[in-house]
Amino acid sequence: MSVINGNTRLCGIIGYPVEHSLSPAMHNAAFEQLALNWAYVPFLVRPENLTAAVAAVRAFNLAGVNVTVPHKQAVVGYIDDLSPAARLSGAVNTIVNLSGNLIGHNTDGEGFIRALREEAGISVKPDPVLILGAGGAAKGVAVALAINGVSEIIIANRTGSRAEQLCHWIKEQTGCAASVLRWTGAPVTGSGEYRDWASVLGRVKLIIQATTMGMFPRENDVPPVPFELLNSGHIAADLIYNPRRTRFISSCEAAGSRVLNGMGMLLHQGVIAFELWTGRTPPVEVMRRALQEKVSK
Ligand code: NAP
């Protein structure tokens, strides 16, 4: 890292916990590569200190911060303006400080879209798209898909009521068509909402694994996808990056599908944040190497 002096610009990440974050390694490697007098530090911010932490972004004239669990939704109420993706998703993962005016962005979903394009050569619109999961990551990705022109999204989630809520929200807020695939795969007679796995997998090209299933240390968990129905026409993206190869990824690959892990999304959400803060073109490969060195498997 370059020497800290009176001109050093500071940015960082606020979260609780925050010590596991890979972002300091990624951003500091990029600053060093470009010889920018910038530094990125982790800030452990308890929920009760969020208001003070946001005020400190202004008071300390930070260039901006990333925002992680559990503050992504709560922080929305404390900043001055929101990007379309942040407004739609109701979640902020990047704050840019423009002379005291704090702008909230959500680069997670856009990072996923960019990863698809840069890492797999896929410019979306492989309608319809199947998303496994109905948590924050699923919602962020659904928003980015809708903004990027996808017109139909199918949601499958262990807790059916959360899948229905997300489905309803997608239809209301994005104008995208949305429906629910029952997690167990059984079609529900009399309901227009549910479709069975076979009919869905026969229609979708892109499957996005956005649950925590298979994430370290529960690496044996795998969503109940009938992998034998997959083929080389499917693209399977897991948002998990630790481990790099989840059981979902290896099962899809064994069925002949193209696969993508969550490393690309993690990288590109950071790449976009870097662009927003510095206005510079980031050294993407340096950032990727810094991440890869930190992820064990
Ligand atoms: P979240 O809001 O807590 O949602 C968790 C999701 O996982 C829910 O859909 C939940 O289903 C499901 N789930 C959890 N345990 C399960 C189990 N045992 N069986 C079936 N489903 C289960 O988490 P999130 O923020 O959306 O994160 C989801 C994943 O995305 C995480 O693995 C995270 O690391 C990854 N992610 C990656 C990036 C990246 O940059 N690559 C960015 C953000 C997130 P229920 O509704 O039934 O509980």
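Counting begins at 1 with the first residue of the sequence. Just follow the structure's listing: the first ligand is 1, and inside any ligand the first atom is 1. Given the structure is predicted, the values throughout are model-derived calculations rather than measurements.
In this structure, the side chains of Leu130 and Trp197 come closer than 4.5 Å at one or more pairs of heavy atoms. Between His234 and Ile207, the closest side-chain pair of non-hydrogen atoms falls below 4.5 Å.
For the pair Arg9 and Trp38, the cation sits on the ring face: its NZ or CZ lies under 6.0 Å from the ring centre, inside 45° of the axis.
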Starting from the N and O atoms of ligand 1, collect every protein N/O partner closer than 3.5 Å and put each pair on its own line with the distance to 0.1 Å.
{"unit_1": "ligand 1", "atom_1": "2 (O)", "unit_2": "Gly136", "atom_2": "N", "d": "3.0"}
{"unit_1": "ligand 1", "atom_1": "7 (O)", "unit_2": "Thr212", "atom_2": "N", "d": "3.2"}
{"unit_1": "ligand 1", "atom_1": "9 (O)", "unit_2": "Ala134", "atom_2": "N", "d": "3.0"}
{"unit_1": "ligand 1", "atom_1": "9 (O)", "unit_2": "Asn157", "atom_2": "OD1", "d": "2.6"}
{"unit_1": "ligand 1", "atom_1": "11 (O)", "unit_2": "Asn157", "atom_2": "OD1", "d": "3.2"}
{"unit_1": "ligand 1", "atom_1": "15 (N)", "unit_2": "Thr212", "atom_2": "OG1", "d": "3.4"}
{"unit_1": "ligand 1", "atom_1": "18 (N)", "unit_2": "Arg158", "atom_2": "NH1", "d": "3.2"}
{"unit_1": "ligand 1", "atom_1": "26 (O)", "unit_2": "Gly136", "atom_2": "N", "d": "3.1"}
{"unit_1": "ligand 1", "atom_1": "26 (O)", "unit_2": "Ala137", "atom_2": "N", "d": "2.7"}
{"unit_1": "ligand 1", "atom_1": "40 (O)", "unit_2": "Leu266", "atom_2": "N", "d": "3.3"}
{"unit_1": "ligand 1", "atom_1": "41 (N)", "unit_2": "Leu239", "atom_2": "O", "d": "2.9"}
{"unit_1": "ligand 1", "atom_1": "41 (N)", "unit_2": "Gly262", "atom_2": "O", "d": "2.9"}
{"unit_1": "ligand 1", "atom_1": "46 (O)", "unit_2": "Asn157", "atom_2": "ND2", "d": "2.8"}
{"unit_1": "ligand 1", "atom_1": "46 (O)", "unit_2": "Arg162", "atom_2": "NH1", "d": "2.7"}
{"unit_1": "ligand 1", "atom_1": "47 (O)", "unit_2": "Arg158", "atom_2": "NE", "d": "3.0"}
{"unit_1": "ligand 1", "atom_1": "47 (O)", "unit_2": "Thr159", "atom_2": "N", "d": "3.0"}
{"unit_1": "ligand 1", "atom_1": "47 (O)", "unit_2": "Thr159", "atom_2": "OG1", "d": "2.5"}
{"unit_1": "ligand 1", "atom_1": "48 (O)", "unit_2": "Arg158", "atom_2": "NH2", "d": "2.9"}

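For Thr212 (side chain) and Met215 (main-chain N/O), no donor-acceptor pair under 3.5 Å exists by modelled atom type.
With hydrogens and angles left out, the side-chain atoms of Asn93 and Asp108 include a donor and acceptor closer than 3.5 Å.
Taking the six-membered ring where the residue is Trp, Tyr40 and Trp277 present tilted rings, their angle falling between 30° and 60°.
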